[in-house]
Every structure is written in C-alpha cells, then in structure tokens.
Peer 1: 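Below you will find the structure I want to go over with you.
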2 protein chains.
Amino acid sequence: MTELEKGPQGRRRGRGARERILSASQQLFREQGINRTGMDQLCAVAQVSKRTAYQHFTSKDELVAEYLRRFDPDVMPGVFDRTDLTPRERLLAAFEIPASAPLCPYIAAAVELHDPQHPASQYARDYKIAIAARLTETAREAGAINPEQLGEQLALLLDGAAARTRVLNSASFPTAAAIAAVLIDNAIPTASE
Amino acid sequence: MTELEKGPQGRRRGRGARERILSASQQLFREQGINRTGMDQLCAVAQVSKRTAYQHFTSKDELVAEYLRRFDPDVMPGVFDRTDLTPRERLLAAFEIPASAPLCPYIAAAVELHDPQHPASQYARDYKIAIAARLTETAREAGAINPEQLGEQLALLLDGAAARTRVLNSASFPTAAAIAAVLIDNAIPTASE
DNA sequence: CGTTACGTACACAGGTTGGTGTATTTAAGC
DNA sequence: GCTTAAATACACCAACCTGTGTACGTAACG
C-alpha cells in the first residue's frame, strides 16, 4: 500500500489532482459563476498547475461538462430512497431544501453557457428530465390519477423555487411546498373521499 | 417641425442614437446573453460609433440596467388591464404566453451578472415583486381567501415555467397554467359550493 | 460666415481570457 | 542508477474585453 491511489497509468502523487480540480470547480462555479471563474484562479484554488489541469481536461468546456455530470448522484441525495416515508411523504420531502442548499446549478449553467448544443446543457436537460421521471414514478406509487402530469408539475415547482430564490434572495421553497401539497391532494384520491 | 425630435440639447441627427442602442441591446442580449455581447458588436448592430455609445451610457453596466428597466411597461402588456375579463380570467391570462415570448430576461440577467448589488439585479427584484403584487391585487379582486399567498404562488409558477422553458427548450407554460387553475379554484370560494 | 454640439472613424491602452511551449522536478518501477 | 511518466513553474500567445483619446465631419443655429 505504498501507492495511495492508482490512477489511469498506475501512479499518483499529490492525492488526486483530478479530484481537487473538480472540487475547486464545484466551489468556484457556484460562488462566482462559470464565466467569471478563470482557469488561473481555479488552478490556484485546486493547488494544481495549469498545465496539469489541461492534461486532465482538454478544455474548460469539458471541465464544465464533467462538473455538471458530477451532480447526478449528489442532488436529491436520499429523497427517493427513504423507505421510512410513504410515497406521498417522499414527494413532499423533495421540497424540504435546507436553505443553504445546492441550489441547482443547472439553470445557471444553461443561462451562462447559452448554447443548447453545449454538452453541459445536454446534461442539464437530462438531469431535469430524470428528476421529473423520478417524481412521476413516485407519484405513480402514491396512487396519483395522472402521475406524468403530477411529476411534471412538481418538477416545475422545484425549478420555480430555485429560480425565484436566485433572483429574490429569499427562500421560495416553502411556497413551492405549499403548492405541492395542494397538487398532491388534488391528484391522489384519498380513502376519506 | 424642421427638427424631428428634440434631445437634451435641442438637436438630433440620425433619429435617436439612444433608441438604436437600446434596441440593439434588446436584440443581442436576448439572443446571445449579456456577457457574450461585446460593445463593439453592439455598436455595429446599432449603427452607432462606440464613442457616442459611451456618451449616452457611461458604462456597459449602466446600459444593461437601462435595458432591463425598459421592460417594466412592456412585459405583461395588457393582462391586468383587460376589463373584458373577470379577475379570475385575468389571473389565468397571465399564463398564456405566445410561445415565442419575451421569456423573462430578469432571471438570465440575475444569473449572468451574478452580483446582487448590481443595479440591474435590483431592477430584476423590483420587477418580480411588482408582478407578484399585481397578481395579489387581482387575486384579491377575484375574492381569494388569502390573496398574498395566491399571488406569491402564481408568481412562482411564472418563474418556474420561464426557467424550465429555458433549460428544456420545451414550453412549460401550459403546465403552469394547469397548476394555476387548480390553485385558483382552491383559493377562491365559488358560489356553487 | 462662424460657433456649437453631436456624431464618426480609428487606433490604442490596459486587462483578462483560454490555452500552450519549455525546461525542470519528483516519484515509482526495473 | 536509469528510465518513464506525471506534475510543476513560468513565460507566453492570440483573442477578446471595456473604455478612452484624437482628429475629423456635419448639421443647425446666430
């Protein structure tokens, strides 16, 4: 176990340059935005020489794409897997964002890159669709009459809350949660009716 | 009427350089984004020398702010003034966006500028608040039980639809309209109940 | 006419950006 | 010790950005 980690070629020095670069991206892109973050600054934060950064990622665009791809497993971390909740509760749990929150970088990326062809924009779309699909699936489990519709509606609420929080600087997720509750109640035939 | 228009000092030549600059801003900022539009290109489109541009606007930031301020009267043009509609119908009419649509530049600006202190970000907030206020007011006219809540909820729907349209390239306003209908029905005690 | 004020054309400063070239250092494996 | 490969430091490039300085043109007024 003399070698700490084995990279593509078998060796490693400073404990994962790639990881540090992506970690710095995550931090800086979120704090300052993508376009306002230069590669010089990013490499300084990552404590990586610019040369090595460009050996791991052929361009900044590729780095941005990888940065976005990294979120897929992270966001909505344990919302849909919580077996201790009913499907209905799981749908509502999606709106309990802890204020500090990741605050969906996909919208920001789509706006900043401004090119629907950009691979990162593709990832953004894929992710949005995936979220809607999961909501739809859970809505179906919860017994919704029209799960696709409810899933799409809840996804729209999440995006609305994220966008509004961004512009207004005031948390809009409680409002979204309130709407979600109404929609869910309307879409799921309760036993009491 | 020899002088076509009288400007600050009394004279005018090419029929409103200021107008052409703002018009070009509107076009280019929307098409390419703010940061990706240079002053050179903007002046070329506006058919205005760069020198004069900087005589009308001391900086690009000021131009951006003015560009955003210009929308206040434009957006939601005749939605709240349509006396031929009931308040309830007016609330729903806000979601009938003609697809091509202006597609709210405020979210984009807030993301691109990325500085809540920027005057343009201020305008964005003001506008969002104004829209919510108008919705609230109309909700009150419509007899909603909690007009503030309904107004805020509908505003969130508008933002959600705008953001989602931006990311997905597919119109989300019908979905938002469907949600709005549910919310309105739930918030306004109908005579038939 | 001359004055006045706006407009133009064009170069240029000063800065930042993404990205590279080069020579050097460090560590691992034989 | 030698080789190999990754990482480093650092200078550098070309492109682009916002913004300015300068000299010239041109229209409306007296």
Side-chain angles (χ1 to χ4, degrees), chain A residues 1-25 28-29 32-67 112-115 118-120, chain B residues 1-25 28-29 32-67 112-115 118-120:
Chain A
M1 214 241 204
T2 42
E3 43 177 299
L4 299 170
E5 289 181 357
K6 49 180 185 292
Q9 260 67 25
R11 246 156 302 164
R12 261 303 132 94
R13 272 239 324 227
R15 286 228 72 241
R18 225 187 128 90
E19 298 305 315
R20 289 209 306 275
I21 295 170
L22 284 168
S23 173
S25 303
L28 293 175
F29 289 165
Q32 313 179 336
I34 295 172
N35 291 331
R36 295 184 117 74
T37 300
M39 289 299 284
D40 288 298
Q41 184 193 8
L42 199 151
C43 291
V45 170
Q47 286 180 301
V48 162
S49 88
K50 211 159 71 161
R51 209 73 191 77
T52 38
Y54 276 97
Q55 252 140 14
H56 283 284
F57 306 94
T58 64
S59 68
K60 186 184 181 182
D61 281 338
E62 190 183 299
L63 173 58
V64 171
E66 185 64 14
Y67 147 75
E112 283 205 84
L113 302 175
H114 215 271
D115 173 18
H118 195 292
Chain B
M1 212 228 195
T2 41
E3 43 178 299
L4 299 169
E5 290 181 356
K6 46 179 185 297
Q9 261 67 25
R11 246 155 299 165
R12 262 302 131 92
R13 273 238 326 228
R15 286 231 70 243
R18 227 188 126 89
E19 298 306 313
R20 290 208 305 276
I21 295 170
L22 284 168
S23 174
S25 304
L28 293 174
F29 288 166
Q32 312 179 336
I34 296 172
N35 291 330
R36 297 185 117 74
T37 301
M39 290 299 285
D40 288 299
Q41 184 193 7
L42 199 150
C43 291
V45 169
Q47 289 181 300
V48 161
S49 89
K50 212 160 65 161
R51 211 69 190 79
T52 36
Y54 276 97
Q55 251 140 17
H56 282 284
F57 305 93
T58 63
S59 69
K60 185 183 180 182
D61 281 338
E62 189 182 300
L63 172 60
V64 171
E66 185 65 12
Y67 147 75
E112 282 205 86
L113 302 176
H114 214 273
D115 173 19
H118 194 292

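Just so we're clear, the structure is a prediction, and the values are computed from it rather than from any experiment. Chain letters run A, B, ... following the sequence lines, proteins first, then strands; residues in each count from 1. All values below come from the heavy atoms of this structure, side chains included, with hydrogens, waters and symmetry mates left out.
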Peer 1: Please state how far atom CG in B:L42 lies from atom C1' in D:dC17, giving the value in whole angstrom units.
Peer 2: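 Value for this atom pair: 13 Å.
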
Peer 1: Quick one: is A:T52 getting a side-chain N or O under 4.0 Å of the D:dA6 phosphate, OP1 or OP2?
Peer 2: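 No.
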
Peer 1: Suppose we screen for salt bridge (Lys or Arg N to Asp or Glu O under 4.0 Å). Which residues come up paired with A:D40, at least two apart in sequence or across chains?
Peer 2: A:K50

Peer 1: Nucleotides 18-21 of chain C: which of its N/O atoms have a protein N/O under 3.5 Å away?
Peer 2:
unit_1, atom_1, unit_2, atom_2, d
C:dG18, OP1, A:K60, NZ, 2.5
C:dG18, OP2, A:M39, N, 2.8
C:dG19, OP2, A:Y54, OH, 3.0
C:dG19, OP2, A:K60, N, 2.8
C:dG19, N7, A:K50, NZ, 3.0
C:dG19, O6, A:K50, NZ, 2.4
C:dG21, N7, A:R51, NE, 2.8
C:dG21, N7, A:R51, NH2, 3.4
C:dG21, O6, A:R51, NE, 3.4

Peer 1: Mind checking what makes side chain to side chain contact (heavy atoms under 4.5 Å, CB included) contact with A:A24, not counting sequence neighbours?
Peer 2: A:L42, A:V45, A:A46

Peer 1: Quick one: side-chain hydrogen bond (donor to acceptor under 3.5 Å, both in side chains) partners of B:Q55, sequence neighbours excluded?
Peer 2: none

Peer 1: Below the 4.0 Å mark, does D:dT8 have OP1 or OP2 next to a side-chain nitrogen or oxygen of A:S49?
Peer 2: yes

Peer 1: For B:F57 and D:dT18, what is the distance between atoms CZ and P respectively, to the nearest whole Å?
Peer 2: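 My rounded result for the distance is 15 Å.
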
Peer 1: Describe the nucleic acid contact of A:Q41 in one word from base, sugar-phosphate, nothing, applying a heavy-atom distance below 4.0 Å.
Peer 2: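 Since no nucleic acid heavy atom lies under 4.0 Å of A:Q41, the category is nothing.
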
Peer 1: Name all residues meeting the ring pair (Phe, Tyr, Trp, His ring centres under 6.0 Å) criterion together with B:Y54; count only those two or more places apart in sequence or in a different chain, and write none if there are none.
Peer 2: none

Peer 1: Applying ring pair (Phe, Tyr, Trp, His ring centres under 6.0 Å), name anything that partners B:F57, two or more places apart in sequence or on another chain.
Peer 2: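 For B:F57 there are no ring pair (Phe, Tyr, Trp, His ring centres under 6.0 Å) partners, ignoring immediate neighbours.
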
Peer 1: Separation of B:Q47 atom CD from C:dG7 atom P, in whole Å?
Peer 2: 14 Å

Peer 1: Donor-acceptor pair, B:N35 side chain versus A:E112 backbone, under 3.5 Å?
Peer 2: no

Peer 1: Does B:H56 make a side-chain N or O approach to OP1 or OP2 of C:dG7 shorter than 4.0 Å?
Peer 2: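 Checking B:H56 against C:dG7: at least one side-chain N or O falls below 4.0 Å of OP1 or OP2.
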
Peer 1: Quick one: B:R36 CZ to D:dC17 P, roughly how many Å, whole number?
Peer 2: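 That distance rounds to 10 Å.
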
